[in-house]
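See structure below.
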Amino acid sequence: MTRLTRRQFGLFAGASAAALTLPTYLRAQGKPRVVVIGGGAGGATAARYIAKDSDGAIDVTLIDQSEMYTTCFFSNLYVGGFRSLESITHSYDALQSGYGITKVTGRAASVDRAAKTVTMEDGSTVPYDRLVVAPGIDLVWDSVEGYSEELAEIAPHAWKAGKQTELLKARLDAIENGQQIIMVAPPNPYRCPPGPYERASMMAHVLKAKGLTDSKVIILDPKDKFSKQGVFQEGWDKHYPGMVEWYGPDVHGGIVSVDVNAGTVETDLDTFKGALLNIIPAQKAGAIASEAGLTDDSGFCPIMAESMRSTIDEAVFVIGDASIAGDMPKSAFSANSQAKVAAMNIRADLVDSKVFPAKYANTCWSLVETDDSIKVGAQYAPAEGKIASTQGFVSQTGEDAPLRKANYEESVGWYAGITADMFG
């Protein structure tokens with residue numbers, strides 16, 4: 001497998017104005033205007049590359065609800081005690097001071113695609129010539145009977161990083177020996193396919209480190225298989241014997257309902273009881289994408305493989321988790337890669353710059369135990385109307401310890417690289 005350095009990531013994947021309070025945002029006169037909704041791996045990257053590579057010729061506004069951004073990627077390492085929350089939380093300051101991007105802190109409530117305006121929750125409006133929609137995912141609460149947004153304060157999903165992640169870690173740290181953790185994994189498609197299984201590994205790591213070896217992590221999965229399954233299960237047997245159990249639908253027969261207050265998950269097989277329930281529901285594109293009429297029946301947004309342009313509106317680009325990106329998984333690496341293709345096409349639209357053939361990439365690393373990291377990834381290109389995998393790789397069972405440690409070191413370098421790429 002080829003190792004990816006921080007410099008190589010930046011080259012390959014790329015091939016203070018606080019929230020304004022005026023009724024209408026004041027824009028630079030005469031420049032084409034791009035508005036980006038969502039300041040994560042897709043949105044922040046797109047904003048930076050549009051501003052940077054147009055050399056200030058395009059006026060860029062980035063809208064996000066948060067003053068600071070906590071990454072969902074690497075949040076499992078915070079749960080496992082390998083990272084601090086501060087180390088995965090980032091500022092938008094450099095995007096504003098270094099690239100002239102206007103950062104608006106608030107919620108985009110609606111999009112008028114005919115008028116080309118975004119209306120904020122406070123009623124103010126932001127005009128655009130091109131719009132980038134990168135809102136990530138929303139959770140389909142009723143996909144798990146008995147679960148709700150309110151009950152997530154008791155049984156956290158932690159599939160959006162920040163307070164939910166802190167709550168999950170606090171609940172994990174309170175587990176006593178012999179108590180069980182029950183995870184309900186999500187159905188496809190969802191953000192970060194290996195994520196639930198890395199999280200189970202990190203939970204088991206915490207239990208083992210505290211000597212709570214009579215406790216278990218039980219995963220109830222609606223899927224009959226999952227990403228990197230063989231190497232995850234090998235790792236669980238090696239590092240956490242008897243502590244991680246995975247049940248697919250052929251075993252549990254179907255997840256019937258949860259009772260968060262009782263700490264139970266009912267399946268056709270049995271009722272499982274845990275001191276901690278981690279419920280990860282089904283997912284769809286962030287609400288603004290649906291409100292703007294950019295989604296199809298899947299709940300996600302169809303795009304043109306060559307550009308990430310919406311198939312519904314040529315002035316809109318959808319990137320990251322909200323998009324239907326063919327063979328590409330919903331991951332930070334994917335979003336960052338897609339953002340650069342979108343940015344290139346937006347610059348071509350607005351300032352007549354060159355367009356090169358789209359190329360995409362993804363790698364997902366998962367930490368199983370200290371210095372034991374596994375990975376999966378691929379390269380992609382447009383083919384027959386979708387983004388198709390052209391070559392790929394995945395960690396294998398039986399790999400030696402130095403390789404797995406090198407994977408972990410590579411992932412740390414990648415995290416530093418992608419966050420610098422996102423936030424400047």
Side-chain angles (χ1 to χ4, degrees), residues 16-25 34-48 60-75 78 85-86 88-96 101-112 117-128 131-141 149-150 152-153 156-168 191-192 281 283-292 294-295 299-301 316-323 330 332 335-336 339 419 422-424:
S16 125
L20 301 179
T21 57
L22 298 175
T24 300
Y25 296 101
V34 174
V35 173
V36 181
I37 300 176
T45 303
R48 178 171 174 258
V60 181
T61 297
L62 176 63
I63 299 171
D64 193 271
Q65 295 184 64
S66 301
E67 296 266 359
M68 304 280 285
Y69 183 77
T70 301
T71 60
C72 208
F73 53 102
F74 264 46
S75 64
Y78 163 70
L85 193 69
E86 291 73 22
I88 60 170
T89 301
H90 304 272
S91 168
Y92 293 104
D93 288 352
L95 291 181
Q96 299 173 84
I101 294 167
T102 299
K103 167 60 167 61
V104 175
T105 302
R107 190 179 77 84
S110 64
V111 176
D112 185 333
T117 58
V118 177
T119 299
M120 301 297 294
E121 194 169 41
D122 64 4
S124 53
T125 59
V126 192
Y128 67 84
L131 176 65
V132 179
V133 177
I137 53 97
D138 270 348
L139 302 173
V140 183
W141 299 105
E149 185 171 5
E150 293 73 27
E153 297 303 309
H157 54 81
W159 225 239
K160 293 185 177 184
K163 291 182 179 179
Q164 274 281 305
T165 318
E166 292 183 273
L167 177 59
L168 179 65
R191 165 183 282 172
C192 191
Q283 291 154 40
K284 60 183 179 181
I288 192 65
S290 175
E291 193 285 331
L294 299 169
T295 56
F300 293 94
C301 303
V316 179
F317 293 74
V318 185
I319 56 178
D321 297 344
S323 69
K330 299 184 186 300
N336 176 269
T419 51
M422 291 164 59
F423 300 110

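Here the options are Ile37, Thr102, Val35, the test is side-chain contact (heavy atoms from CB on, under 4.5 Å), and the partner is Val126; only Val35 passes.
Interatomic distance, CD1 of Ile137 versus CH2 of Trp159, reported as 9.0 Å (0.5 Å rounding). Here the straight-line distance linking atom CD of Glu153 with atom CG of Leu167 works out to 6.5 Å at 0.5 Å rounding. Here the straight-line distance linking atom CG of Asp321 with atom SG of Cys192 works out to 9.0 Å at 0.5 Å rounding. Atom-to-atom distance recorded for Arg48:CZ and Leu62:CG is 13.0 Å, nearest 0.5 angstrom.
For Lys284, there are no salt bridge (charged side-chain N to carboxylate O under 4.0 Å, His left out) partners two or more places apart in sequence or in a different chain. The salt bridge (charged side-chain N to carboxylate O under 4.0 Å, His left out) check on Glu291 picks up nothing, with sequence neighbours excluded. Partners of Phe74 under the ring pair (Phe, Tyr, Trp, His ring centres under 6.0 Å) rule, at least two apart in sequence or in another chain, are Tyr415.
Here the closest heavy-atom approach between residue Val111 and residue Ala292 is recorded as CB-CB, 3.9 Å. Listed here is the closest heavy atom pair of Met120 and Val104: CE-CG1, 3.8 Å. Scanning both residues, Ala335 and Gly320, for their nearest heavy atoms gives CB-CA, 3.6 Å. Nearest heavy atoms, Pro281 versus Val140: CB-O, 3.5 Å. Between Gly424 and Ala94 the shortest heavy-atom distance is O-CB, 3.7 Å. The minimum heavy-atom distance between Gly43 and Ile319, with the atom names listed, is N-CD1, 4.1 Å.
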Query raised in the report: Can you check side-chain contact (heavy atoms from CB on, under 4.5 Å) on Tyr78 and Glu86, steps first, answer last?
Result: CA-CA 10 Å; Tyr78 163 70; Glu86 291 73 22; over 6 Å; no
Query raised in the report: Can you list the steps and then say if Thr125 with Val118 is a side-chain contact (heavy atoms from CB on, under 4.5 Å)?
Result: CA-CA 5 Å; Thr125 59; Val118 177; over 6 Å; no
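With contacts defined as side-chain heavy-atom distances shorter than 4.5 Å, the pair Leu131/Phe317 does not qualify. At least one side-chain heavy atom of Val316 sits under 4.5 Å from a side-chain heavy atom of Leu294. Annotation: side chain of Lys103 is in contact with side chain of Asp64 (closest heavy-atom distance under 4.5 Å). Here the side chains of Val34 and Thr61 are not in contact, with every heavy-atom distance at 4.5 Å or above. The shortest side-chain heavy-atom distance between Thr419 and Ile88 does not fall under the 4.5 Å cut-off.
No donor-acceptor distance shorter than 3.5 angstrom exists from the side chain of Lys330 to the backbone of Arg191, with no hydrogens or angles considered. Tyr92 contributes a side-chain N or O that, together with a main-chain N or O of Gly39, makes up a donor-acceptor pair within less than 3.5 Å. Checking side-chain atoms of Gln164 against main-chain N and O of Ala152 turns up a donor-acceptor pair under 3.5 Å. At least one donor-acceptor pair closer than 3.5 Å links the side chain of Thr89 to the backbone N or O of Leu85.
Donor-acceptor pairing under 3.5 Å is lacking for the side chains of Thr165 and Lys163. A donor and an acceptor atom, one from each side chain of Asn336 and Thr45, are located under 3.5 Å apart.
Ring pair Tyr69/His90: centre-to-centre distance not below 6.0 Å.
Between Lys160 and Asp138 there is a salt bridge, since a side-chain N of the basic residue sits under 4.0 Å from a carboxylate O of the acidic one.
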